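The chain is numbered in sequence order, starting from 1. These numbers were taken from a predicted model, which means no experiment stands behind them.
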Amino acid sequence: MEDELSFSDIYGGRLALQRRYYSPSCREFCLSCPRLSLRSLTAVTCTVWLAAYGLFTLCENSMILSAAIFITLLGLLGYLHFVKIDQETLLIIDSLGIQMTSSYASGKESTTFIEMGKVKDVIINEAIYMQKVIYYLCILLNDPVEPHGISQVVPVFQSAKPRLDCLIEVYRSCQEILAHRKATPTSS
């Protein structure tokens with residue numbers, strides 16, 4: 001079963017949450033951000049090139065124009081390959097673990113897997129960010145030394161920064177799977 005819900009991020013931008021239910025013990029959440037705006041891309045490119053043209057008219061050195069074009073292209077490629085994330089995915093399977101995938105605008109994907117035996121809980125935490133309180137989903141990992149301790153806090157959906165209403169949808173499903181895991185005696 002699959003459905004799509006519309007939410008907003010902490011800045012008011014539109015986010016799309018796709019929920020896929022494969023079984024009672026396996027669910028996937030895909031949070032999609034808006035694509036790169038052609039208007040903002042054009043504005044930045046024109047600003048850099050106009051500044052370079054202004055320097056060119058003062059210095060009469062064509063190397064400035066070539067450098068501006070080269071820096072703009074390198075900056076755009078770097079932004080698309082290392083910064084701009086189009087989609088973040090959380091896949092939770094009660095017998096295996098949690099997989100988090102970030103898909104960049106260039107097509108590059110970054111995947112992190114956490115074994116279910118290491119997962120203590122999934123929580124919604126709060127933080128102060130740019131003079132306001134925001135909420136984010138976290139995976140708490142068991143401390144191997146101290147049984148009641150937490151070794152690490154792994155944030156989920158770091159790039160999209162969804163609001164609390166979206167996080168609650170994902171949180172409830174994760175808690176259902178974690179409860180299902182604790183109720184099943186063979187899934188330790």
Side-chain angles (χ1 to χ4, degrees), residues 1-10 13-36 78-127 129 134-188:
M1 183 174 101
E2 182 177 331
D3 62 339
E4 185 170 327
L5 300 170
S6 183
F7 292 101
S8 58
D9 62 11
I10 62 171
R14 193 180 73 72
L15 297 174
L17 176 68
Q18 291 179 331
R19 300 183 299 182
R20 296 182 184 113
Y21 298 98
Y22 299 112
S23 73
S25 62
C26 178
R27 296 182 188 162
E28 183 177 30
F29 303 94
C30 297
L31 198 57
S32 301
C33 302
R35 299 273 181 201
L36 184 63
Y79 177 76
L80 292 176
H81 193 69
F82 297 113
V83 178
K84 177 65 174 122
I85 295 177
D86 282 341
Q87 182 174 323
E88 292 179 281
T89 304
L90 177 74
L91 174 66
I92 180 166
I93 304 171
D94 97 10
S95 60
L96 289 176
I98 299 174
Q99 177 177 302
M100 298 177 293
T101 305
S102 298
S103 301
Y104 291 83
S106 66
K108 177 182 122 177
E109 286 192 351
S110 172
T111 301
T112 305
F113 182 77
I114 302 169
E115 295 177 24
M116 194 55 85
K118 295 181 180 180
V119 175
K120 183 176 184 94
D121 202 1
V122 175
I123 63 167
I124 295 178
N125 204 359
E126 62 185 19
Y129 178 79
I134 64 165
Y135 299 93
Y136 59 98
L137 194 68
C138 290
I139 301 169
L140 302 179
L141 302 183
N142 286 320
D143 189 356
V145 177
E146 186 180 331
H148 296 292
I150 298 168
S151 69
Q152 192 175 358
V153 178
V154 180
V156 182
F157 303 132
Q158 293 182 42
S159 176
K161 293 183 179 60
R163 289 192 177 170
L164 183 61
D165 53 351
C166 179
L167 294 176
I168 289 173
E169 289 289 325
V170 178
Y171 170 78
R172 287 183 180 152
S173 290
C174 290
Q175 288 300 321
E176 286 175 14
I177 290 177
L178 291 175
H180 182 265
R181 181 179 137 238
K182 291 175 184 174
T184 307
T186 60
S187 65
S188 295

Got a sec, which residues hit salt bridge (Lys or Arg N to Asp or Glu O under 4.0 Å) with E28, two or more places apart in sequence or on another chain? R20
Using a 4.5 Å cut-off on heavy atoms from C-beta on, say whether the side chain of V170 contacts that of L17. yes
Are D165 and E169 close enough that some pair of their side-chain heavy atoms sits under 4.5 Å apart? no
What is the distance from atom CZ of R163 to atom CD1 of I168, rounded to the nearest 0.5 Å? 13.0 Å
Under 3.5 Å donor-acceptor, S151 side chain and N142 backbone: yes
Please indicate whether E2 has more than 12 foreign heavy atoms, meaning atoms of other residues, nucleotides or ligands, lying under 6.0 Å from its CD. yes
If you define the side chain from C-beta out and look only at heavy atoms, does anything of C33 sit under 4.5 Å from L15? yes
Does NZ in K118 sit with more than 12 non-hydrogen atoms of other residues, nucleotides or ligands closer than 6.0 Å? no
Compare all side-chain heavy atoms of C174 with those of L90 and state whether any distance is below 4.5 angstrom. yes
Apply side-chain contact (heavy atoms from CB on, under 4.5 Å) to E88 and M100, showing your working. CA-CA 7 Å; E88 292 179 281; M100 298 177 293; over 6 Å; no
Apply side chain to side chain donor-acceptor pair (under 3.5 Å) to Q158 and list each qualifying residue two or more places apart in sequence or on a separate chain. none
Should Y171 and L167 count as side-chain neighbours, where that means a heavy-atom distance under 4.5 Å? no
With respect to L141, which candidate in I114, I150, V153 satisfies the side-chain contact (heavy atoms from CB on, under 4.5 Å) definition? I114
Does R181 reach the side chain of S25, with side-chain heavy atoms less than 4.5 Å apart? no
Pairwise distance CD1(I92) to CD1(I139) - rounded to 0.5 angstrom: 7.5 Å
How long is the straight-line distance from CD1 of I134 back to CG of N125, given to the nearest 0.5 Å? 10.0 Å
Salt-bridge criterion met for K161 and D9 (N-O under 4.0 Å): no
Quick one: closest heavy-atom pair of Y104 and H81, and the distance? CD2-O, 3.7 Å
What's the spacing between S110 OG and I85 CD1 if we round to 0.5 Å? 7.5 Å
Roughly how far apart are Y21 OH and S173 OG, rounded to 0.5 Å? 4.0 Å
The reported gap from CE in M116 to CD1 in I93 (rounded to nearest 0.5 angstrom) is 8.5 Å
